[in-house]
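Taking it in order: structure first as structure tokens, then the write-up.
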Amino acid sequence: MNLFADIRALVLSDLAAMTQAGVLPSGLATDNVTVEPPRDAAHGDMATNAAMVLAKPAGMKPRDIAEVLAARLMEDARVVSAEVAGPGFLNLKLAPVVWQGVVASVLETGTDYGRSTMGQGKTVNVEYVSANPTGPLHVGHTRGAVFGDALASLLDFAGYEVTREYYINDGGAQVDVLARSVYLRYLEAHGQEVAFPDGTYPGDYLIAVGEALKAKVGDVYVGQSEDVWLEDIRDFATDAMMKLIEADLASLGVKMDRFFSEKSLYDTGLIEAALADLRDKGLIYEGVLEPPKGKKPDDWEPREQTLFRSTEHGDDVDRPVMKSDGSWTYFAPDIAYHYDKVQRGYDALIDIFGADHGGYVKRMKAAVSALSGGTVPLDIKLTQLVKLFKNGEPFKMSKRAGTFVTLRDVVEQVGPGVTRFHMLTRKNDAPLDFDFDKVLEQSRDNPVFYVQYAFARVTSVLNKATEAGVAVDDATLAAANLNLLDHEAELALAAKLAEWPRLIETAARTNEPHRVAFYLYDLAGAFHGLWNRGNDLSELRFLQDDPKVSQAKIALARACAVVIAAGLGILGVEPAKELR
RNA sequence: GGACCGUUAGCUCAGCUGGAUAGAGCGCUGCCCUCCGAAGGCAGAGGCCAGAGGUUCGAAUCCUCUACGGUCCGCCA
């Protein structure tokens, strides 16, 4: 149930009737007719721009249309008043029974309230994290992980069929480096003194891998040359790293549906197939690129390479897919991977990259556009840097000084819920401050706490009511006499709940889960506001002497908690029944 | 030289498909704690939405240019 959609449907049906009656000319496009909450609550509950949108094509004055429409709208029982305002807005005031109905509806549908069918079961692949399998995840990955995971849940809630996917970069030189690093740890496990030259990974996390390798193969690789052990150790090490990464993700509550190996692309001929597809479309050629203007690399020399004509699909320059020595560039398996996603039949693709990969957006979009013939949209979301603070002081990370902050560090210090919620309190493309102390602060300016506090207060009210012998299970509350819920402040809070289904659709359409976090903060604020008014005005308290009245008011409180739980569920955060 | 992202209150940031007098928290000023959880509450001040053009009934929102900040720019991953 989406109240705004319901009222919009009412507006459209009245407009159709006006056309029927000859008031409006036929054939008017009503796509741009909106019904939304007015910015200023004094204007009423909802506003429609119908008269303004239609005035020009109908050749009529906005106010003339608005007045006729207003009269018709008021015939509906849900509409108390419809007033023409400003340049031709129609402000609607809705009957209390509408808002009371929202509360009942929330309690009847539970945390599924707001679930949308806008996705129509279309399949969407969300690829995120996709960090190199060479070590534990760090804070930067954390933001991508949280964002991607919340987005996936959001789309699921909005009616899409979502696949969460991780692309393992296990085909390039970096996994060879990993293998050599593990080999050194392996030698170390055999009691040898080793040094870690530049170009190897010295991290402690490989010590255990070296020992595990020793346990598995004994000393057969000791003293052997690289060509003997490289492939085997590479597989072993990559496997170990992916287990580590999966555990990191699990600590944050992220679970992928599928891990896709870059290496598998080489074995299956997918790269060749993808490139053949582009070649058939006339988008592959041999050529020489211009050097980049302004900043010419010192060692630049023109070389003929195999190029993808990405400029045909919106890119700025064509991109090499094969190096001059005949091996693939990094871009080639990327193309093949997206080719595979297209072949799998997804209706839409979403990639989450770190902002430092912003330069790859156009070429990836070009590739998908070319591979799918423009039929599969690819949206790429960039997540900006996370700036760490400790007690207000910038917290510098340094691998060398050992102050390198991993995902695990963050989760262990502040918990997965706080981490996830806080990471979503900024738009994905804006930098984010993360202060280890402030995110745990229990005050109004910490959104995580403020939302949880609202949920905890409701739990507290439910407990008190139960102690007083008042039945407060959801079924009872939904069937309570909600007509008793008639104070303007209470109806305003119910109206806030009515915005939830609409917010879901907006957030899903724009692929912006942070909107959910902001909404929850807003809803929590409205709830606390009503609570505070109860301090001065006892009739606004949730617990009353008359059990019937209590039930009606508690129904409203419980409905807020249900929506908060639903929203937190999308963000992957556990609601807290009590705070200490 | 080019591409992408950003620029909204003193600070940190929201702002829906273009909609009415642009919002929140912090900070500031004033008042308030016997009260369902004061881990605070209420009220107020504070804005040329970076600048300039354009599109239209209407622009923080769309387009163009400029300024400032960030990220990136042939075979690396």
Side-chain angles (χ1 to χ4, degrees), chain A residues 31-32 34 36-40 42-43 47 49 52-53 55-56 62 85-89 91 132 134 169 171-175 177 288-297 299-303 305 307 315-325 327-331 354-362 382 384-385 425-427 429-431 433 441-447 449-450 453 456-457 459-461 464-465 499 502-503 505-507 509-510 512 514-515 517-519 521-522 525 528-529 531-538 540-544 550 553-554 557 578-580:
Chain A
D31 300 349
N32 292 328
T34 61
E36 45 191 17
R39 200 160 270 175
D40 187 342
H43 292 142
N49 62 354
M52 281 182 292
V53 171
K56 202 174 182 185
F89 279 102
N91 291 329
N132 287 340
T134 54
N169 290 114
Q174 77 281 5
V175 283
V177 173
V288 179
L289 286 173
E290 294 287 312
K293 294 188 172 56
K295 200 194 93 180
K296 190 170 176 174
D299 58 347
W300 173 269
E301 46 184 294
R303 283 181 183 163
Q305 303 166 63
L307 300 170
D315 202 356
D316 306 309
V317 289
D318 293 339
R319 305 290 176 178
V321 294
M322 196 180 269
K323 304 178 199 173
S324 47
D325 68 0
S327 63
W328 300 117
T329 63
Y330 181 79
F331 187 37
D356 54 342
H357 286 64
Y360 292 84
V361 170
K362 282 195 177 183
L382 302 178
Q384 264 291 355
L385 291 175
T425 54
R426 284 288 175 274
K427 236 177 356 191
D429 54 6
D433 290 350
E441 217 167 69
Q442 301 196 332
S443 70
R444 164 142 210 186
D445 58 321
N446 181 359
F449 163 77
Y450 206 57
Y453 185 28
R457 270 182 159 170
T459 306
S460 166
V461 168
K464 289 231 167 183
E499 287 178 28
R502 188 170 173 275
L503 179 113
E505 297 193 349
T506 303
R509 190 175 53 245
T510 51
E512 293 181 342
H514 76 276
R515 290 175 188 271
F518 279 93
Y519 170 83
Y521 182 60
D522 205 31
H528 290 305
W531 183 288
N532 292 331
R533 285 189 68 177
N535 288 333
D536 294 330
L537 213 57
S538 62
L540 285 181
R541 295 182 196 172
F542 295 105
L543 291 169
Q544 300 287 332
S550 276
K553 291 179 187 296
I554 292 171
E578 59 176 5
L579 301 170
R580 272 169 298 138

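Here is how names work: the chains are called A, B, and so on, in the same order as the sequence lines, proteins then strands, and each is numbered from 1.
Here the closest non-hydrogen pair linking A/Gly358 and A/Leu382 is CA-CD1, 3.8 Å.
Between the C1' atoms of B/G1 and B/G74, the separation comes to 16 Å (whole Å). Only the C1' atoms considered, B/U56 is 40 Å distant from B/G27, to the nearest whole Å. Taking the C1' atom of each, B/A59 and B/G18 are spaced 6 Å apart, rounded to whole Å. Rounded to the nearest Å, the gap between the C1' atom of B/U8 and that of B/C13 is 9 Å. Separation of the C1' atoms belonging to B/G40 and B/U34 is 15 Å when rounded to the nearest angstrom. B/G10 sits 28 Å from B/C5 when the P atoms are compared, rounded to a whole Å. Using atom P as the reference point in both B/A60 and B/A52, the two lie 13 Å apart (nearest Å). The same atom, P, is picked in B/A45 and in B/G25; the two are 15 Å apart, to the nearest Å.
Here the OG1-CG distance, from A/Thr425 to A/Asn446, works out to 8.5 Å after rounding to the nearest 0.5 Å. Rounding to the nearest 0.5 Å gives a distance of 12.0 Å between CE of A/Met52 and CG of A/Asn32. The structure places CD of A/Glu512 at 7.0 Å from NZ of A/Lys427, a figure rounded to the nearest 0.5 Å. Note that CH2 of A/Trp531 and CZ of A/Arg541 are 10.0 Å apart. Values are rounded to the nearest 0.5 Å.
If you check the side chains of A/Tyr519 and A/Arg515, you find no donor sitting under 3.5 Å from an acceptor. Inspection of the A/Asp325 and A/Ser327 side chains reveals an N or O donor paired with an N or O acceptor under 3.5 Å.
One atom, OH of A/Tyr521, and another, P of B/U12, lie 17 Å apart when rounded to the nearest Å. Distance CZ (A/Phe518) to C1' (B/C13): 6 Å, rounded to an integer number of Å. Nucleotide B/C16 holds its P atom 12 Å from the CG atom of A/Leu503, rounded to whole Å. Note: CZ (A/Arg541) to P (B/A38) measures 10 Å, nearest angstrom. Atom CG in A/Asn49 sits roughly 11 Å away from atom P in B/A20 (whole-Å rounding). For A/Asp325 and B/C75, the CG to P distance is 13 Å, given to the nearest whole Å. What separates CG of A/Asp536 from P of B/C35 is a distance of 13 Å, to the nearest Å. In this structure, A/Lys362 places its NZ atom 17 Å from P of B/C72, rounding to the nearest Å.
Residue A/Ala47 is classed as a base contact, given a heavy-atom separation below 4.0 Å to a base. A/Asn91 comes within 4.0 angstrom of a base, heavy atoms only. Counting any heavy atom pair closer than 4.0 Å across all strands shown, A/Arg533 reaches no nucleic acid atom. Contact annotation for A/Ala355: backbone-only contact, meaning every heavy-atom pair under 4.0 Å involves sugar-phosphate atoms and none involves a base.
Within the 3.5 Å criterion, the main-chain N or O of A/Glu36 finds no donor-acceptor partner in the side chain of A/Thr34. In this structure a side-chain-to-backbone donor-acceptor pair under 3.5 Å is present from A/Thr329 to A/Pro320. Of the possible polar contacts, none joining the A/Ser460 side chain to the A/Ala456 backbone as a donor-acceptor pair under 3.5 Å is found.
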Report summary line: Dot-bracket assigned to RNA chain B with the 3.5 Å Watson-Crick/G-U criterion, [ ] for crossing and | for other-strand pairs, is (((((((..((((.....[...)))).(((((.......))))).....(((((..]....))))))))))))....
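Nearest nucleotide to the A/Arg303 side chain, out of B/C35, B/G74, B/G15: B/G74. Listed nucleotides: B/A14, B/C76, B/G25. Nearest to the side chain of A/Arg426: B/A14. When each of B/C16, B/G74, B/A20 is scored by its nearest atom to the side-chain atoms of A/Leu289, the top-ranked nucleotide is B/G74. The side chain of A/Tyr453 approaches B/A38 more closely than any other nucleotide in the set B/G19, B/A38, B/G25. With distances taken from any side-chain atom of A/Asp356 to the nucleotides B/A3, B/C16, B/U71, the minimum falls on B/U71. In the set B/G41, B/C76, B/C75, the nucleotide with an atom closest to the side chain of A/Tyr330 is B/C76. The listed nucleotides are B/G41, B/C36, B/A14; the one nearest the side chain of A/His514 is B/A14. Of the listed nucleotides (B/C76, B/G74, B/A38), B/G74 has the atom at the smallest distance from the side chain of A/Pro320. Counting only heavy atoms from C-beta on, A/Leu382 has its side chain closest to B/C4 among B/C4, B/A14, B/G40. Taking every side-chain heavy atom of A/Arg457 into account, B/A38 is the closest of B/C75, B/A38, B/C16.
Between B/G41 and A/Trp531, no contact under 4.0 Å exists linking OP1 or OP2 to a side-chain N or O. Taking side-chain N and O atoms only, A/Lys427 has a distance below 4.0 Å to OP1 or OP2 of B/G15. Contact annotation: A/Arg319 side-chain N/O to B/C73 OP1/OP2 distance is not under 4.0 Å.
The base of B/C76 is paired with the side chain of A/Tyr360 by a donor and an acceptor separated by under 3.5 Å. In this model, no side-chain donor or acceptor of A/Asn535 finds a partner on the base of B/A38 within 3.5 Å. Checked by distance alone, A/Ser324 brings a side-chain donor or acceptor within 3.5 Å of a matching partner on the base of B/C75. Residue A/Arg515 places no side-chain atom within donor-acceptor reach of the base of B/C16, judged by atom type and a 3.5 Å distance cut-off alone.
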Report summary line: Scoring nucleotides 54-65 of chain B by protein non-hydrogen atoms under 4.0 Å (B base, S sugar-phosphate only, - none) yields --SS--B-----
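Between A/Leu540 and A/Gly171, it is A/Leu540 whose nearest contact on RNA chain B lies nearer the 5' terminus. Comparing A/Met322 and A/Val461, the nucleotide of RNA chain B nearest to each residue sits closer to the 5' end for A/Val461.
Contact annotation: the side chain of A/Val317 approaches that of A/Arg319 to within less than 4.5 Å [non-hydrogen atoms, C-beta and beyond]. Looking at heavy atoms from C-beta onward, A/Val321 lies out of side-chain contact with A/Leu307 at the 4.5 angstrom threshold.
Aromatic stacking is marked for A/Phe89 over B/A20, as both cut-offs hold: 5.5 Å for the centres and 30° for the planes.
The aromatic rings of A/Tyr360 and A/His357 are tilted relative to each other, their planes meeting at an angle between 30° and 60°.
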